[in-house]
Each structure stands twice: as C-alpha cells, then as structure tokens.
Amino acid sequence: MEYNFREIEKKWQSKWKENNAYIVSNPINEEVAKPKFYVLDMFPYPSGAGLHVGHPLGYIASDIYSRYKRLKGFNVLHPMGFDSFGLPAEQYAIETGQHPADTTEKNIQRYHEQLDNIGFSFDWSREVKTSDPSYYKWTQYIFLQLFDSWYNRKKQKAERISQLVSIFQQEGNEGYPCPGNNRLKFTAADWKNYDEKSHYDILMHYRLAYLAFGEVNWCEALGTVLANDEVVNGVSERGGHPVEKKKLHQWYLRITEYADRLLQGLEQVDFSDAMKDMQKNWIGKSQGAEITFAIKNQPSSEKLVVYTTRPDTIFGVDFMVLAPELALVERITTPEQKEAVATYLEYVKSRSERERLAEVKSITGAFTGAYSVNPFDGREIPIWISEYVLAGYGTGAIMAVPCGDQRDYGFAKHFNIPITNIIGEHYNGEEANPTKEAVLQNSGFMNGMVMREAMNLAIDKLEEMEIGKRQVNYRMRDAGFSRQRYWGEPFPIIYQHGIPMPVAESVLPVELPHVDHYGPGPEGEGPLANIKEWVTVPSEKHGEASGMRETNTMPGYAGSSWYFLRYMDPHNDTAFVDRSIADYWGQVDLYIGGTEHAVGHLLYSRMWTKVLYDLDYIGFDEPYKKLVNQGMIQGSSRFIFRITPNINPEQLSKIAEPHAVFVTKSYRDKIQNDPNAIKELFIKVSAFSKNNLDIIELFGEDLECRLNDIHVDVSLVDGVDLNVETFRNSRTDYTLALFLMEDGKVIYPGIEFDDVNDKYICGAEVEKMSKSKYNVVNPDEIVNRFGADTFRMYEMFLGPVEQSKPWDTKGIEGVHRFLRKFWRLYVDEHKGLIVTNDEPTPAEFKILHKTIKKIEEDTERFSFNTAVSSFMIAVNELGDLKCHKRGILEPLLILLTPYAPHIAEELYQHLNTAQLTKSSVLDASYPVLEQKYLVESSKEYPVSVNGKVRTNLNISLDAAQANVEEIILENEIVKKWLDGKPPKKIIYVKGKMINVVI
RNA sequence: ACCCGGGUGGUGGAACUGGUAGACACGCAGGACUUAAAAUCCUGUUCCCCGCAACGGGAGUGACGGUUCAAUUCCGUUCCCGGGUACCA
C-alpha cells in the first residue's frame, strides 16, 4: 500500500464536508467549559486571476494554528469570507459589460475550489460576502449609527446625537468645541433661535459620519475620489493614474477624534513594532504650542496663529511663512507686494500634485510685505508665503527659525533673510541644527537655559500673556468615505430639501440597483446618478417627504471594517451580531494578514470597533489581540534574450518575417552593451535561417540589432534551463526560432538534440507574482503533483511566515519525501499496516517527547518552518530505529495533524480499524509531554575551559550531580589548567557541556 | 532625509534568555540496489592548510572597533538590501 495522496486527500476532503467536520457552534447557556479561540485571516478580494501560490501562506499558518488549538481543547472559530465589493470587478464590467455581481460570484466559486483543495478547516457555514445584501444591510446600519453619533471629548467616547442636542439645549456648545469648525460658538438661547436647517448644519459638524465640502484626491482616469492611502507618490495606487485636488461634497468619518485612543490602544495589542510604528507615524501625533502674533499696521482682530513644536526657539524667529491657500494672505499683502504675491499664487495653482512631490527640494516663495511682531522683544518679523507650508496641517502657518530648522535655513539663505543665532556654537553658519540640548542665547528671559527645559517655560509665559497655548496636532486626516462608483454599498441616505436624512432601519438594506452602464454620472457623480427612477424616492414610499438618494457608494474598507463581528453570528437578521454571542467570542485572538493593510483597513477597523464599543454594541474596543503579518511570496521570473533586427513596418512589407533569435545567458552577458557584438551574433546565428540571411543581405552594413530581455513562462523552464522544444511549440511564431546554446551550438528547426550538454540558460529575477510576468505558480498545480499536505508543509518549510521570499518549487521534493517516509513508518508497501503494540524503549520515548516539546514550542511561537524540520528529524531517527510502535506513532500522528491533516486522518483510520475507538484524529487530544524522557539526555558531558573544549575529558553528570564542582576540580587535567587558582565560575552550557571559567 | 526590519555555506534557512555556528532541506559529488529507469538507502559537502589516513591546525555569521572567560546574539561607527513615511513645522 503506497502513499496515494490524491486518493487520500480527495477522500478526506469530502468526508469533512459530509460530516460538517469544521462547523463551530456558538455555545450560549451551555455547560461546555471549552475556552474559545478566534483565529481570523484577512479575507481576500476575489480577483479574476484566482489564487496563486503566495495567497495561501497566511491561510496555512492560521489553519495550522487553529487545528493545533482545537487539539489543545479550545472551541476555535476559524471562518473565511470574501471582500467582494471593489474596483477591479467594476473596471472589468466597464470593459466587458459583465455585471460585477456575476463575475464576483464566479470568482468566489473559483476561490472556494482552490481553498478546498488545500484542506483548510474553515467553517464555511459562516461565510460572509461584503457585497451580499444580507451583509451590507448591516454595513449600512453601522454607518447610520456613526451618522447618529458624535465624540464627547470630555468623556472620551462616542455618544448619540440626541444627547448632544440636549446639551445644546441646556448649555449651548460651551465646553464642547466643534470639531468641524472650531470658531463656532453658541449659547443655549442661540440654539433655540436657530432654525431646523441650522440645527442640521451644526450637528453635521459633530457627527462621526458627516458630509462636508472638502478637498479630495480626485482621479480623473478612474472617475473617483481616493483615500489618502490609496494615493502613492501623487498617483493612484491602482493603475498609477494622476491624482489632483478637487473640491467635492463628500462623506467623511471623523477618525481624527479617535486619534488618541487609536494610539493608546496600540499599547494593549500584540502587533509587531513595525506595524505599531506605521500606525503611529500615520496618526502622527505631535506636541507643541499655538502662538498668536500681532500683525503690524493691521487691526487687532487680524492675528497670525502659528503652530510649533519648538516654542523655546521663539527668539530665533526670523520670518513667518504662510500656506499660499490661506485667506489671510490676501488681507495682509501690501499694495507694493500685490503683484509678486499674485504671480506666486498663480504659479502654485498651476503646479500639479505630482510636480510638487517631484521637486520637493526647490525653494520658492513670495514676500507679502506684512510684518508680525515678536511678543517678547517687539522685533518685526517679515511674513512670507511658500508652498512648503501645508494649509492642512496645524494652522497652516509657521514661525521660521533658520538656525534650528533645515527647511527654514534653506529658505532664509535663498531669499537672503538674516539669520539670528540662539544656540551659540551649536550653529555653525552652514546648516541648521535641530538640537534640544543647546544652551539658549539671545533669548531674553530664557537665556542660559537648556532648550529642552525652556520649552515649558515658554509655553507658560505665552499662556500667561494669553497669546498661546499647549496644542497637540495630528497628521492624520478624517477619512473620505464617498466613492463615485457603482460596485459598493449604497448610502442609506435620502436628501429631503437638501438635508441628508437617514433611511429608516426597517427598510434596510438599500439595495444596489441594476445598471446597464458603469460609466460615471453627471458632474463627477457615480454611475448610480444615471438611474433616475432609483434616485428619486416618491413620498409615498418614504413617508413624509419625497427625496433624492445619495448616489455615491461606500469605499472598500466599509465592509471590511467590521466583518470579524459578522462571522460570530452570520445569519442573524435582527442584529449585526447578538451581544451575548459577541461577548462569548470577543476579540480576534489571532489575526493573520499582509502588511499592506497596516494603515488602511486596520486603522478603520479599530476605529469602528471603538465606536461600537462606545455605543454599547460590543464589550471590547480593540478588534485584534494579536496580529501576525505574513510575508509576500514573490515570483521568480525567468528571462530569455532575443536579438531582433531593427526594421520598420514599411521595410518589413518587402521581405519575409525574420525568425526569432534567442541567445543563452552567457552570450547575453558578453554582448549586452555592445551594438556591434549584438549584430555579429545575430549574423552568426542567422546562418541557419534563410529569412534572416535575406535581411542581412538586404541591409548589409546598415543592419542594426537590439537585444531584449523577455519574460518567459516559468512552467517552460526547469531551474534556469529553458526547455527549448516545449518553448518553441508554445507559440506559433516561435516554431522556426533559432537558439544559441551555452556550448556555442545553434538549435534550428529540424535539428535533433544530440547532446544533453546543450543548455539554454535563462536569466532570473525576483519580482512580484503576476500574470504579466509569466511567473505565477498556481497552487492547484502543486497540489495535483505533490498533494495538499506536501504543499502545506512546504510553504511553511520555506522560511518564517513573516518573511517575504521567492517561490521556488525545487525544494518541495524534500518535504514530499518526508511524508512518504512518514507513511512508511506505519504502512509497508506489501504488508500493509505494520504498527505493533510493543512497548516502546526509553530511546524511542525520548524521540517522541523531544518532538512533542519542540513542535509545541514552535507552533506556539509561529515558527512553523523549524517545526517541520523537527518532524523530519523525528522521522529520520525513528526510521533508523525501525520503530513501528503504536505507543510512539499514534501521538506523533496527532502532532502532525495541524500540518498535514489528510495523511494524519488516513493513518489514524488505519490504526483505528486495527484497534482504536476514536473516530477521527480531529477529535483526538494533543499528546501529553512527559518530562522524564527529556531529562535523561546524554549522561556524558564534555568539559571545556573558558568556553573551549581543550581536553577529551567527559564527566558523567548523573554521578556528578551532587557535586559537579568537586569532581571537576579533582580532575587532573582540569587541575593542570587551573594551576592552583580557583575557577571563577562553573556553568552548564545548554545542558550539553560543562564550562570551567578560569 | 527620517523611522523600522534584515545581511550566516552553492541555495532556502537553523541557532528561543550571549555558551560546540551552519540544524533541517535543496543542490552537488561519490556509492549501494537495478538489465535500465524511477523509487529507496548510504557517505561526503563553510573555506584554507598539513597529512595516506586517523587525528590535527587556522580563518569564518557584510566591514571596522568595543564589552565579555565566551558575541550571529549586547554596544558604537560604517556599508549594502528590504519595508514604511515623505516639505507635518
């Protein structure tokens, strides 16, 4: 009986399905005291390309951990679903006219099959799809809760809008500064006098989901607004189209109100430092001060407010810089400077986002002619404008201290502004020094103080004079929540007389209507705007007034912000999750996914969780307890090298198409940058092609050739050796191609491969796995050749889960060999099952228990690659001992189950029919570790002196246990080394050796 | 530029709190079995030196320096690679 993995895996996969082996129950009021464990994968977007070998890496890791926890006696929730709203399906719809719902469904089917092939233990009964109305009903519902909430800064939590209204009625907004407009101040009496429209407008400035007229990242090519994290280097993340700023009415999430809690929450979760840093940087908290400066020759109402993190440097201020967009600019510019400022504003306007980013280094600006006054020494400070100051951060104005800030220094030098030195020799006159340790000079009341300490004094003084205050700033902006797209959640919002009103919860979901065209609507609106009959809601349908629907849809992160909650209670149609069930499952104990979601999804999801916690829907405010980031599996691309004569189409019409000429790598390396050599090689190889000879003759001396590196499908290459015959037959235009091989021979049509030494070597490079690079490896293919168990173990064996690495199929043989060896411990090809009931020897127990210890430790710390190695060692050692004893092999099988579940099930069943009572290895419990077999390790310990083994002296530890020191000291050889002096220390090295330190 | 992470054989990678560096696997070389192939098994495999061999010697974890009896591990400087951020005052 051989290890027939295809049969075994098929058999068990269908058995698992039939028996609902992985369905997990929600124990409510249940006597079961099983502790829960929630293992979650970042659910995939079902793209048309299907899964490649890189996708399952995280899923395999999470599956191993889930199965391991299950064996350890946990009730494990391990679900899977699909993030099925999104741009690619819509782009595809625009191109092909196929409805996104159809293509998405098709892709999901494909993903299902591919995932099932790998033998995952997902509970598919809990599958969620974000594009399913029964799911997005609740996405809309949660949006409405955000809409109906505001952030109470005093209590540091979200509350209902109704509570805000009663506050306004009693005390106005005194003490509740408006986050959307900090100058807004009103009393209770004012509030009573405002009309309904004003009430709405004011409340909108407080809502957690709000509508605002704001500058957005508009992408013309995609016809939509993009979030900040969807814009990379001034172009769209998807497709690399240019992005510009545009003013539009948009929905936003007031995530900035949660900035501090998002920051604090990081302390309580187990994320990698890198991940925490990324989020911290994104939030970008900075502490400093806001300082108000008077402006010369202006009414006292006209003030200049700057934000600085270094109030201690206020005596070093030599000029002010305003963001060009600031309204203040126009009001303070003097008549003499009007023209210069206007010219500069014109210039700023003309520059695209891209240009700005591209030339960060160039220094530009203009003088407004106005001066502000230093409140401490009365110095007059010129006010400039420049695009290096951003309108959106702080107050949009800075005080420039050239001796301490490099950008200010550059600006001062460029415009010849004199520089005041307040840090003595710390400033060398050639560059700014941002130190905080210098002793201040030329700084009035702060003279002689160390800057770090002067900071507080400066703020105290400013507060005393009522011209400044402590201020915390965040880099993070509120999150844009509108997309001018079709394939997303419609907003449950209807505008009545221009006022956005929530749709009644009873009529949710607002279903996405069918459209015939996916193109954008009028004036930058989404495709939904084209469906008049959907947009217009007659009064009878909606209650009191008729209205117009919101035509934007929600962004991709809407559905994924709360999906982990839906898995807990996926079929509930009265709540997005039942509170008691949410309390049972609680936080996700282990979340596995890629780093690419570090700031987007993870931050939004954390915010939503906090809001839902504040509103008392759930009992925890951090969604993910532990996060593991799996690395990317890159593709290993292969290149062939083609020499092509330069012929224009006109010339080509006169002659026959030339045959393709490919040269092997060593020739490519030789001729790479030498046009003459390329040409000569073309001529040499072309001796075997009539068409090519014709061309050479036609062009004569004028012939020019170029060399191209071309991606070749990795399936046509073995390592770096091109399979020339298969390659030639892969495309009709290559059937007559010529190949220059490593040994200098030319392969031309009709020639036989006379000699195995003829090799065509390809170039290799590690790149992202993608269809266009022909380096995609499909897991189905690997599973078909080696089996799912081999595939699972090999992906783990490749290296640490967190690490990115290129896929290389070559090493898979080793893992496959291991599984066959493993199989042979249990089953003989001819005799069948060969497991005996003999009592294992201590040596055999030692192997088992060493392995239990190792596997357990490695699995716990996600070191799956070393765990696989440990299995290999155990199998080798047991093989050497010819151990076929049940006492060893049955526990070993259970250990292997999380890693290779199919083979484990099969062998367990074999043991089962022979004797056992348990039905499935999945219900087995994890083998117990017996320490006694571990301690009796090697009895003979080598002795080293100062870490180096200098003698052949071995000491028996069992005998020496009572007094190791004495025995060692009495040893003649050691005595000689010690030379009469006492040893400094005697230590055991990892239980392997005794080290005497002299 | 700044903030993280990482540089170990021909390759992927082990070495968890400093303690025999290179586990395990691939590849390669040699051998056994076989008419042959596949499969399987065995031996060797960091580099250099001495030797017939056993044994032995030296160097070695990007580079230089430091702490330590002992450093891949800790500290400093520097180079290279990967990721993140990008005029954030």
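Throughout, a chain's letter reflects where its sequence line sits, starting with A, and its residues are numbered from 1.
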Query raised in the report: Starting at the 5' end of RNA chain B, which residue's closest nucleotide do you reach first, A:G394 or A:T595?
Result: A:T595
Query raised in the report: Does A:Y3 have its ring centroid less than 6.0 Å away from the ring centroid of A:F822?
Result: no
Query raised in the report: Quick one: ring-ring contact (aromatic ring centres under 6.0 Å, His included) partners of A:F871, sequence neighbours excluded?
Result: A:Y899
Report summary line: Side-chain contact check for A:F797: nearest option of B:rC24, B:rG13, B:rA89 is B:rC24
Query raised in the report: For atom P, what is the distance between B:rC79 and B:rA63, given to the nearest Å?
Result: 15 Å
Report task. Walk me through it: do A:Y344 and A:T364 pass the test side-chain hydrogen bond (donor to acceptor under 3.5 Å, both in side chains)? Result -> CA-CA 9 Å; A:Y344 186 67; A:T364 62; 2.7 Å; yes
Report summary line: Residues passing the side chain to side chain contact (heavy atoms under 4.5 Å, CB included) test with A:S272, sequence neighbours excluded, are A:A274, A:M275, A:N629
**Report entry** Rounded distance (Å) that lies between atom C1' of B:rA89 and atom CD1 of A:I398
**Finding:** 5 Å
Report task. Please assess A:N775 against A:K768 for the test side-chain hydrogen bond (donor to acceptor under 3.5 Å, both in side chains), listing each intermediate value before the final yes or no. Result -> CA-CA 8 Å; A:N775 59 4; A:K768 208 177 155 194; over 6 Å; no
Requested in this report: Return the value, rounded to whole Å, for the distance between atom CG of A:D408 and atom C1' of B:rA89.
Outcome: 7 Å
Query raised in the report: Atom CG of A:L627 and atom CG of A:L602: how far apart are they, to the nearest 0.5 Å?
Result: 5.5 Å
**Report entry** Rounded interatomic separation in angstrom, taking CD1 from A:I314 and C1' from B:rA89
**Finding:** 14 Å
Query - Pair A:K853 + A:E857: basic N to acidic O under 4.0 Å - result: yes
Query raised in the report: Are A:R470 and A:N456 close enough that some pair of their side-chain heavy atoms sits under 4.5 Å apart?
Result: yes
Query raised in the report: Separation of A:Y307 atom OH from B:rC88 atom C1', in whole Å?
Result: 9 Å
Requested in this report: With the side chain counted from C-beta on, respond yes when A:T313 and A:I423 share a heavy-atom pair under 4.5 Å apart, and no when they do not.
Outcome: no
Atom pairs and distances, side-chain donor-acceptor, residues 391-402 of chain A, under 3.5 Å, sequence neighbours left out:
unit_1, atom_1, unit_2, atom_2, d
A:Y393, OH, A:S286, OG, 3.1
A:T395, OG1, A:V305, O, 2.7
A:T395, OG1, A:Y307, N, 3.4
A:T395, OG1, A:A397, N, 3.4
A:T395, OG1, A:A397, O, 3.3

Report summary line: With syn meaning chi within 90° of zero and anything else anti, the base of B:rG9 is syn
Query raised in the report: Between B:rA86 and B:rG65, how far is it from one P atom to the other, in whole Å?
Result: 40 Å
Requested in this report: May I ask you to test the A:I422-A:C403 pair for a side-chain heavy-atom distance under 4.5 Å?
Outcome: yes
Query raised in the report: To the nearest Å, how far apart are A:F271 CZ and B:rG84 P?
Result: 18 Å
Report task. Specify the separation, in whole Å, of atom NZ of A:K280 and atom C1' of B:rC88. Result -> 18 Å
Query raised in the report: Looking for any heavy atom pair under 4.0 Å, which part of the strands does A:N876 touch: base, sugar-phosphate only, or nothing?
Result: sugar-phosphate
Report task. Starting from P on B:rG13, measure out to CE on A:M796 and report it in whole angstrom. Result -> 14 Å
Where do N or O atoms of nucleotides 38-46 of chain B meet protein N or O atoms at under 3.5 Å, pair by pair?
unit_1, atom_1, unit_2, atom_2, d
B:rA39, O3', A:R820, NH2, 3.1
B:rU40, OP1, A:R820, NH2, 2.4
B:rU40, O3', A:R824, NH2, 3.3
B:rC41, OP1, A:R824, NH2, 3.4

With the criterion being N/O to N/O and under 3.5 Å, what pairs connect the protein with nucleotides 1-6 of chain B, and how long is each?
none

Requested in this report: Would you please name every residue forming a side chain to side chain contact (heavy atoms under 4.5 Å, CB included) with A:M476, sequence neighbours left out?
Outcome: A:I255, A:A259, A:L262, A:W282, A:I283, A:L603
Query - Mate of B:rG27 where both pairing distances stay under 3.5 Å, Watson-Crick or G-U - result: B:rU45
Report task. Not counting sequence neighbours, list each pair that qualifies as a side-chain hydrogen bond (donor to acceptor under 3.5 Å, both in side chains) and has a residue in residues 789-798 of chain A. Result -> A:D63-A:R792, A:D789-A:H902, A:T790-A:H816
**Report entry** Heavy-atom side-chain contact between A:L57 and A:L798 under 4.5 Å
**Finding:** no
Report task. Could you check whether A:Q803 gets within reach of a base, just the sugar-phosphate, or nothing at all, counting any heavy atom under 4.0 Å? Result -> sugar-phosphate
Heteroatom pairs (N/O) under 3.5 angstrom, protein to nucleotides 30-34 of chain B:
none

Requested in this report: Under 4.0 Å between any heavy atoms, over every strand shown, what does A:P800 touch: base, sugar-phosphate, or nothing? Just pick one.
Outcome: sugar-phosphate
**Report entry** Base partner of B:rU68, which must satisfy Watson-Crick or wobble distances under 3.5 Å
**Finding:** none
Report summary line: Residues at least two apart in sequence or cross-chain that pass side chain to side chain contact (heavy atoms under 4.5 Å, CB included) with A:D405, listed by chain then number, are A:R407, A:D408
Query raised in the report: Does any non-hydrogen side-chain atom of A:R310 lie less than 4.5 Å from one of A:M455?
Result: yes
Taking N or O atoms only and anything under 3.5 Å, show me the protein contacts with nucleotides 9-11 of chain B, one pair per line.
none

**Report entry** Residues touching RNA chain B, which here means a heavy atom under 4.0 Å, drawn from residues 865-875 of chain A
**Finding:** A:N865, A:T866, A:S869, A:M872, A:I873
Query - Nucleotide forming a Watson-Crick or wobble pair with B:rA54, both distances under 3.5 Å - result: none
Query - Watson-Crick/G-U partner (both atom distances under 3.5 Å) of B:rC2 - result: B:rG84
Query raised in the report: Rounding to a whole Å, what distance do you find between A:E795:CD and B:rG13:C1'?
Result: 16 Å
Report summary line: Residues at least two apart in sequence or cross-chain that pass side chain to side chain contact (heavy atoms under 4.5 Å, CB included) with A:K285, listed by chain then number, are A:D260, A:L263, A:Q287, A:V472, A:Y474
Query raised in the report: Taking for each residue the nucleotide of RNA chain B with the nearest heavy atom, is it A:R310 or A:P806 whose nucleotide lies nearer the 5' end?
Result: A:P806
Query raised in the report: Does a side chain donor of either A:T866 or A:S863 reach within less than 3.5 Å of an acceptor in the other side chain?
Result: yes
Report task. Sort out the partner of B:rA38 for me: Watson-Crick or G-U wobble, both distances under 3.5 Å, none otherwise. Result -> none
